[in-house]
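Since the structure comes first, as structure tokens, the remarks are kept for the end.
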Amino acid sequence: MTSTLTPQPVERAKPARPGAAPRRRTRVLALPEARWATAATVFFLLALPLQLTGAPAWTWGPLYALSYVTGGWEPGWEGLKALKERTLDVDLLMVVAALGAASIGQVMDGALLIVIFATSGALEALATARTADSVRGLLDLAPATATRLTRDGGEQTVPVEELAVGDTVLVRPGERVGADGRVLDGASDVDQATITGEPLPAAKEPGDEVFAGTLNGTGALRVRVERDASDSVIARIVRMVEEASETKAPTQLFIEKVEQRYSLGMVAATLAVFLVPLAFGEQLTDALLRAMTFMIVASPCAVVLATMPPLLSAIANAGRHGVLVKSAVVMERLGQVDAVALDKTGTLTEGSPRVTDVRPLPGSGLDEAELLTLAAAAERPSEHPLARAVVDAARERGLDLPGAEDFTSAPGVGVTAVVNGRGVAVGAPARLLDGTGSTVTAVAEELEESGRTAVLVLVDGAPAGLLGIADRLRPDAAATVAALTRLTGTAPTLLTGDNPRAAAHLAAEAGIDDVRAGLLPQDKLTAVQEMEGAGRKVLVVGDGVNDAPALAAAHTGVAMGRAGSDLALETADAVIVRDELAAVPTTVALSRRARRLVVQNLVIAGVFITGLVVWDLAGNLPLPLGVAGHEGSTVLVGLNGLRLLRESAWQRAAAEGTG
């Protein structure tokens, strides 16, 4: 086992490249949509209590008018531009309906409709801006400059954009690799979690490939550049996320899928209700009143509220349980998934290595506690992830660690130290034994076959024992896999950058048969696109930069929040804030309950609208009664949707997810 720390610690990964500006995050009020929506909401909240307390109309009327203007001008303008292109959308219809409500005295109802639509537009704009921020911030993983070696042995500090294929660069300890290439000389451990998602640094020696933006350990490397900066893996991840986001099929709520027909039909019907009686001699006032009543009772307010309250209630309920669903569209889509692809490290597993086996060798004279004590004492000065796992295991067992002297670290080999007068070496069996030791080799192979990383401990030059280290499966992983299998009808697929043997062992523990290992980000993206191309609606669950392209391309992407990268969190449609994997199937089940309530509400709204329209056309529906029926149906479907706010709704969804 190698170490990433010399006696004088090297500073670990930084969030941004040296000399780069700090990562910028779009502020909410920097977006015009957010400013207009905020203004509309403020004016509405100022006017509402004045109206409800019986204040004169001149005190609250202008405030409502300002709410209409600030919240409605932008969707109205966009609707007019769409109308110019011979397209009629619900946004324009909502503005018209709001103005129609105001024209017959229902000023508050119209203003509320305006506020809802303005706020929805602002949230969508914010989500888009934050995703763009994270994509741009990903480029900060790569350094701004690199040390290029000249033919005469000199060094030049040049911008990475000036590096050409065939150049040789020097990567010093603790630096980030400046370009994709291959190691010519030197040995080190390189943390490439941003590319593969795996938490353990990879040992690099001559002939091995390295990637731009990955963090070098304690050894110096000479690397031959094999790709231009614009074609590096990091740059390709950025392009893949952007392209996947752009080509992802636009998602709409159920009512929006029929907005064109509904909008055109309602406008045409309203004009007919006004013009036909007028042509047969009806008074202008009566014809206008009938048409206005028709527009109010046929307006899609109840239909919109039939859709939104169940979905928004489900979002709120999920939020209370640590699941951030970014929009009502996402909540609707979660219930449509019929296939699941899971990342391994940090998703199915805890994301940090732990000691699982302590194996003293016969004849060493050591028991488990003594072997672990010597190994942990030698490893304590190191900050390598495996070293930290060994030290943590000793502390969990309450072992007292003696001091270590003459600590040294050899990249790609391991560490050595003197502990209580005994020479202790800890590292990879293949490097420390030089191919000898059949007993040690057999135990090491047994550990590796079971998905562990084998670590050999030498005491005074003789093999004393081995440690098995692995990333532990989350306690709820197997139950989650079983629940997702029941909900979707097919077992999840495991997509990982880890080696096939370790991936297969962990997948077997979790109950997954379809394992795709050794994948780079573009490979994960390809796997998801193949599943989508086969007609599946894929839910991807991941946490790393390497998962972002797949999260963007999937029907729905969910990120693990605790250790998730910024890019994954912003690209994903939903975030499991508390890192409880079992929340994924529960949220899917909650989404399906919300979709069932949406259908119920649409039936209720349709019955009311049909009844009121028929009454208005065939009889003489009084305007107040029409407004009361319209508002009554709106309140009814709204209250029905709010049922998902109750704690019991989450519990029933959890029970449905677990079968």
Residues that Arg35 engages under salt bridge (charged side-chain N to carboxylate O under 4.0 Å, His left out), provided they are two or more places apart: none
Derivation of the side chain to side chain contact (heavy atoms under 4.5 Å, CB included) call for Lys537 and Glu532: CA-CA 6 Å; Lys537 294 180 178 178; Glu532 293 271 347; 5.5 Å; no
Heavy-atom side-chain proximity of Asp471 to Arg354 below 4.5 angstrom: no
CG on Asp573 to NE2 on His555, rounded to 0.5 Å: 9.0 Å
Asn640 side chain reached by Leu597 side chain, heavy atoms, under 4.5 Å: yes
Shortest non-hydrogen contact between Gly542 and Thr347, atoms and distance: CA-OG1, 3.5 Å
Presence of salt bridge, Glu350 and Arg474, under 4.0 angstrom: no
Shortest non-hydrogen separation from Ala111 to Tyr68 and the atoms involved: N-OH, 3.2 Å
Mutual orientation of the aromatic rings belonging to Trp650 and His321 [parallel < 30°, tilted 30-60°, perpendicular > 60°]: parallel
Heavy-atom closest contact (Ala553 atom, Leu525 atom, distance): CB-CD1, 3.3 Å
Residue pair Val584 / Leu484, side-chain heavy-atom distance below 4.5 Å: yes
Leu539 and Leu334: CA distance, side-chain angles, deciding distance, side chain to side chain contact (heavy atoms under 4.5 Å, CB included) verdict: CA-CA 8 Å; Leu539 169 66; Leu334 276 165; 4.1 Å; yes
Side-chain touch Val588/Val337, heavy atoms, less than 4.5 angstrom: yes
Within-4.5 Å side-chain heavy-atom neighbours: Leu494 and Leu348: yes
Carboxylate-amine/guanidinium proximity below 4.0 Å for Asp547 and Lys524: yes
Non-hydrogen side-chain atoms of Val69 and Phe43 separated by less than 4.5 Å: no
Spacing of NZ belonging to Lys344 relative to CG belonging to Leu519, to within rounding of 0.5 Å: 12.0 Å
Heavy-atom donor-acceptor pair, Arg592 side chain to Leu487 backbone, under 3.5 Å: yes
Verdict with supporting geometry, Val540 and Val528, side chain to side chain contact (heavy atoms under 4.5 Å, CB included): CA-CA 8 Å; Val540 171; Val528 172; 3.7 Å; yes
Reported CZ-to-OG1 distance for the pair Arg472 and Thr349, which is rounded to 0.5 angstrom: 11.0 Å
For residues 602-614, dump all side-chain donor-acceptor pairs below 3.5 Å to protein atoms at least two apart in sequence or in another chain.
from, atom 1, to, atom 2, distance (Å)
Thr610, OG1, Gly606, O, 2.7

Nearest non-hydrogen partners of Lys326 and Val575, listed with the distance: CE-CG2, 4.3 Å
Lys/Arg-Asp/Glu bridge criterion (N-O < 4.0 Å) met for Glu530, Arg536: no
Test side chain to side chain contact (heavy atoms under 4.5 Å, CB included) applied to Leu506 and Leu473, step by step: CA-CA 7 Å; Leu506 184 133; Leu473 196 69; 3.7 Å; yes
Under 3.5 Å donor-acceptor, Ser313 side chain and Leu644 backbone: no
Atom pair CE/OG1 of Met560 and Thr345 - distance to nearest 0.5 Å: 12.5 Å
Min side-chain heavy-atom separation Val325-Thr587 under 4.5 Å: yes
Value rounded to 0.5 Å, distance of CD in Glu656 from CD in Gln651: 14.0 Å
Shortest non-hydrogen contact from Thr70 toward Ala39: OG1-C, 3.9 Å
Euclidean distance, Arg652 CZ relative to Arg593 CZ, rounded to 0.5 Å: 4.5 Å
Least distance between heavy atoms, Leu581 atom then Ala477 atom: CD2-CA, 3.9 Å
Donor-acceptor contact present, side-chain Asp476 to main-chain Ala582, <3.5 Å: yes
Minimum side-chain heavy-atom gap Val481-Val340 below 4.5 Å: no
Whether Glu332 side chain and Arg595 backbone form a donor-acceptor pair below 3.5 Å: no
